Amino acid sequence: MINITQSRINTAYNKFLNQLVLWSYLYKRVEADKKQGFSPVKNYEKMISFQERVQELLPDMEKLDRSKIR
C-alpha cells in the first residue's frame, strides 16, 4: 500500500514526465513544420508554454529521491 507522501511524489513525477513528453512532441513537430516550410506559430507557442512548465518543475524534481518513485 502506498502512503500519502509516496502518492504525492509519484503524482509530481508523473506530472513532470507528462509535461516533458508533450514538450518533446511539440519540439519535434515545430522542427518538422519548419523543414516543410510551414509557419508553426500555434505549435511553437504551445511548445514554449510546456518548456516553461518543465523548467518550473525541474528544481522540485531534482530534490526528489527518485529511488522511491514507483
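Remember, it's a predicted structure, so these values are computed and weren't measured experimentally.
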Side-chain heavy atoms of Glu45 within contact of Ser49, under 4.5 Å
no
Please name the pair of heavy atoms, one in Lys34 and one in Pro40, separated by the smallest distance, quoted to 0.1 Å.
CG-CG, 4.1 Å
How long is the span from the CZ atom in Arg53 to the CG atom in Asn18, to the nearest 0.5 Å?
10.0 Å
Just wondering, are more than 12 heavy atoms of other shown residues or ligands nearer than 6.0 Å to OH in Tyr44?
no
Here the gap from Leu22 atom CG to Leu17 atom CG, rounded to the nearest 0.5 Å, amounts to 11.0 Å
Is Arg29 atom CZ crowded by more than 12 heavy atoms from other residues, nucleotides or ligands, each under 6.0 Å away?
no
Answer with yes or no whether the hydrophobic clustering places Val30 together with Phe38; edges join I, L, V, M, F, W, Y residues whose side-chain heavy atoms lie under 4.5 Å apart.
no
For the student: nearest non-hydrogen atoms of Asn43 and Leu26, plus distance:
OD1-CD2, 3.9 Å
Under 4.5 Å between side-chain heavy atoms, hopping through other hydrophobics if needed: is there a path connecting Tyr25 to Phe50?
yes
In Å, rounded to the nearest 0.5 Å, how long is the span from NZ of Lys15 to CE of Met61?
8.5 Å
Minimal non-hydrogen separation, Met47 against Tyr27, with atom names
SD-CA, 3.4 Å
Could you give the distance from CG (Leu20) to CD (Gln55), rounded to the nearest 0.5 Å?
11.0 Å
Could you state the interatomic distance from CG (Leu57) to CD (Glu62), rounded to the nearest 0.5 Å?
11.5 Å
Can Phe16 be reached from Val21 by stepping across I, L, V, M, F, W or Y side chains whose heavy atoms are under 4.5 Å apart?
no
